[in-house]
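Scroll down for the structure; my scribbles are underneath it.
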Amino acid sequence: MAAGVAAWLPFARAAAIGWMPVANCPMPLAPTEKNKRQDELIILNVSGRRFQTWRTTLERYPDTLLGSTEKEFFFNEDTKEYFFDRDPEVFRCILNFYRTGKLHYPRYECISAYDEELAFYGILPEIIGDCCYEEYKDRKRENAERLMDDNDSENNQEGSMPSLNLRQTMWRAFENPHTSTLALVFYYVTGFFIAVSVITNVVETVPCGTVPGNKELPCGERYAVAFFCLDTACVMIFTVEYLMRLFAAPSRYRFMRSVMSIIDVVAIMPYYIGLVMTNNEDVSGAFVTLRVFRVFRIFKFSRHSQGLRILGYTLKSCASELGFLLFSLTMAIIIFATVMFYAEKGSSASKFTSIPASFWYTIVTMTTLGYGDMVPKTIAGKIFGSICSLSGVLVIALPVPVIVSNFSRIYHQNQRADKRRAQKKARLARIRVAKTGSSSAYLHSKRNGLLNAALELTGSSDDEQHISKSTSLIESQHHHLLHCLEKTTGLSYLVDDPLLSVRTSTIKNHEFIDEQLFEQNCMDNSMQNYPSTRSPSLSSNNGGSTSCCSRRNKTTTHLPNSKVPATRLQSMQELSTIHIQCSEQPSLTTSRSSLNMKSDDGLRPNCKTSHLTTAIISIPTPPALTPEGESRPPPSSPHPTMNISTTCSNVVKVSAL
Amino acid sequence: MRSQGRKESLAESRDLDGSYDQLTGNPPGQTKKALKQRLLKLLPCCGPQSIPSVSENSVEDEFELSTVCHRPEGLEQLQEQTKFSRKELQVLYRGFKNECPTGLVNEENFKQIYSQFFPQGDSGMYAAFLFNAFDTDHDGSISFEDFVAGLSVILRGTIDDRLSWAFNLYDLNKDGCITKEEMLDIMKSIYDMMGKYTYPAMREEAPREHVENFFQKMDRNKDGVVTIEEFIESCQKDENIMRSMQLFDNVI
């Protein structure tokens with residue numbers, strides 16, 4: 001029931017008076033309104049813009065936010081109005097929906113923003129009226145395609161899929177040559193050989209020089225061996241490539257059915273057939289024709305050329321227009337050929353011997369070629385011939401713009417997709433920077449907090465001004481949250497702060513080194529100190545150890561998902577477990593406070609044989625920031641973020657998230 | 001784009017059939033003007049200035065109907081004429097005007113509005129009867145005054161008023177008595193509103209039987225027609241009917 005006619009419900013109920021006298025049984029009781037309120041105006045304040053409507057207008061759709069009691073959550077007691085902190089422009093459309101029963105979609109509005117608003121107000125998009133539904137659906141589809149595009153390219157670039165077996169790597173290399181240099185090399189080599197093969201085919205037929213005997217030989221026969229070798233080489237390459245693709249294809253059956261694979265097969269079959277059949281002379285004629293198929297090799301270029309693919313796709317998508325063109329041309333050809341035939345029947349020595357013979361004339365005339373090998377001689381023939389050529393222009397000119405516009409649309413779409421991909425990289429980089437920014441903010445505050453604690457304990461009051469950092473309430477609450485998480489799990493984020501080490505350490509040989517060197521050192525250290533490492537791959541680490549001091553025996557055990565190429569590390573966080581086997585026994589208690597103490601006097605952590613296990617999250621830093629990706633506490637000061645389990649030989653292993 | 005092509009092709013075929021005139025959208029009966037238009041267009045001498053005069057008329061006609069607007073009498077007058085309060089009249093008018101911005105409801109509109117309350121069945125016939133009952137001056141359209149007058153009787157009138165309004169509804173030719181045929185029409189229209197999918201399934205004879213029942217109850221002197229006095233008398237004796245008449249007290 002549309003909203004508008006809800007107002008006519010009293011009328012409909014009144015009209016039921018016609019049923020009463022004829023009814024044989026008593027009527028059911030009518031529902032009564034519990035609290036019969038007079039219709040009142042309610043004020044909806046949306047981001048400052050006030051909308052007013054009757055309460056009953058909103059109550060027409062009780063399963064939406066505004067029509068149900070859900071809106072009471074937004075009631076502002078002080079101003080006695082309902083306040084929504086949302087977009088007032090879209091709210092206009094939504095309120096109109098209540099008023100008129102029709103939901104419109106404004107063209108200027110972004111589709112995702114609109115969808116969000118609809119979802120917020122509890123309105124299903126399917127209610128959008130006819131007038132705007134097409135537009136809405138189109139925009140929605142475009143958006144979905146864009147998202148799919150993004151997801152696809154994301155998945156393609158993720159790359160950090162843990163175990164890509166040989167097959168999958170090969171397939172990816174084939175599909176996207178930019179993934180590795182080897183793939184690129186392969187791509188160019190195949191391209192080169194396709195070109196060579198095509199050129200060979202062409203040059204084969206060029207006459208080059210005469211053989212004594214006054215016969216001009218084509219090059220193919222003169223240098224038969226050379227061409228044969230070239231051909232063989234090309235076919236070898238193509239065969240190998242095809243077999244490799246077949247091997248690597250995720251679905252072999254589907255691959256074999258695909259167009260490109262068929263082209264591949266057609267391109268190399270003639271050679272093999274020729275090999276098999278050269279002896280038999282009856283079929284050598286057929287063999288010669290088979291060689292025509294070698295020209296299909298040129299289609300293999302479509303793997304290399306985006307434009308060719310677009311052209312092919314355009315033709316496919318314009319199939320109906322092309323079909324129409326073909327059909328109308330055929331109709332016109334038949335008509336005109338018939339007419340010309342009968343018109344020219346009378347004239348002597350006419351070339352229009354039959355209707356099919358006239359087809360040739362008609363086609364040549366309609367496409368405005370006009371070879372002139374067949375011309376009408378009678379007057380009637382000439383008249384019809386001119387009509388034929390005029391109509392030909394029209395018939396051909398009509399579907400062509402459609403095809404052109406299709407091509408242009410697809411081409412631009414492709415360009416936009418490429419642009420989006422490029423932008424995506426920049427966008428991801430920005431997101432990474434933001435992420436690392438926030439996490440380093442947390443670490444900063446932690447460091448400040450710990451420094452505070454450390455300084456308190458040691459009673460030192462200098463440097464306090466460095467510590468106090470103004471953080472907003474939200475930030476501090478967020479940090480508190482992260483801190484609680486740390487406490488809950490018993491892990492902690494890596495506080496890798498060179499400043500801390502500088503301030504608290506007297507050891508000068510720890511310098512700011514860059515990540516690479518740090519990683520190198522760590523790797524060396526870990527290799528040295530812990531022979532029985534369980535790490536599957538130490539080659540890819542992003543600085544996970546606590547210290548590179550040789551005094552400490554520690555190792556970094558990297559967890560499985562750290563097997564990523566170095567280039568991908570920026571986006572990853574790693575947890576490493578660290579077994580620390582201390583070499584010296586401090587004389588101090590192993591309380592946490594002592595561990596946090598300033599290390600001027602060279603504190604050592606823990607007892608000798610205890611294992612300190614630390615979980616460390618190493619967060620890669622953006623290049624702008626100087627090495628925070630390392631932790632450089634001096635060897636004498638224990639790592640501030642250690643979660644201490646001080647019982648001897650008690651190893652707490654922490655696993656990656 | 002493909003769908004567009006299909007739509008266009010449909011139009012083309014209709015045009016070829018001659019059953020649909022693309023220019024004016026009218027059936028071929030009115031294409032004399034259109035033919036003249038098309039011929040004129042082909043000739044280069046006749047510019048566009050001669051064409052609009054032909055087409056404007058049809059457009060104007062339509063335009064006229066739609067711009068006719070009816071404004072009801074003032075609130076005070078309506079308050080006097082009907083038994084509704086000011087606020088109630090306001091609410092009623094707002095609802096009325098929402099559905100019929102021109103202020104007048106014609107039969108088509110009326111049927112369409114009424115059918116929205118009965119999505120399953122066919123309420124067209126009953127709506128037509130209602131229309132005739134509301135349209136007291138029989139000018140083919142219901143204005144707000146008619147609307148409110150009718151509602152006032154049904155919702156705020158005495159039982160006798162309501163009964164006589166119902167009688168007026170049943171009396172299709174307004175001759176003062178209800179015949180069996182009239183009643184049968186009414187009954188069929190009521191049953192039609194139920195639609196096909198009912199439980200138990202509607203039998204063909206159900207309306208007729210119902211009418212027989214009705215006449216047995218109402219027709220005192222068994223003359224085959226029910227007059228208004230018989231009707232009101234019989235209804236007053238029937239408890240069910242009296243009780244159901246009171247349902248209308250709380251509708252607004």
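No hydrogens, no waters, no symmetry mates; every other heavy atom, side chains included, goes into these values.
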[X] portion near chain A, given a 4.5 angstrom heavy-atom threshold:
X: B:M242; answer: neither
X: B:N213; answer: side chain
X: B:Y170; answer: side chain
X: B:F129; answer: neither

Heavy atoms of other groups near [X] [atom1], more than 12 under 6.0 Å:
X: A:K419; atom1: NZ; value: no
X: B:Q79; atom1: CD; value: yes
X: A:Y133; atom1: OH; value: yes
X: A:D130; atom1: CG; value: no
X: B:R208; atom1: CZ; value: no
X: A:Y411; atom1: OH; value: no
X: B:Q120; atom1: CD; value: no

>> Counting heavy-atom pairs closer than 4.5 Å to chain A, which one of B:R243, B:E239, B:K217, B:H210 comes out on top?
In response: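 Among B:R243, B:E239, B:K217, B:H210, the one with the most close pairs to chain A is B:H210.
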> Which residues from residues 326-333 of chain A are near chain B, with near meaning under 4.5 Å between non-hydrogen atoms?
Replying inline: none
>> Which residue is it: B:L130, B:I154, B:L155? I am looking for the one with a side-chain contact (heavy atoms from CB on, under 4.5 Å) to A:I17.
In response: B:I154
>> Please report the interatomic distance CH2(A:W54) to CD(B:Q90), rounded to the nearest 0.5 Å.
In response: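 Nearest 0.5 Å value for the CH2-CD distance: 6.5 Å.
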> Between A:F11 and B:F147, what is the ring plane arrangement, given parallel below 30°, perpendicular above 60°, and tilted in between?
Replying inline: tilted
> For the residue pair A:M20 and B:S244, what are the closest heavy atoms and their distance?
Replying inline: SD-CB, 3.5 Å
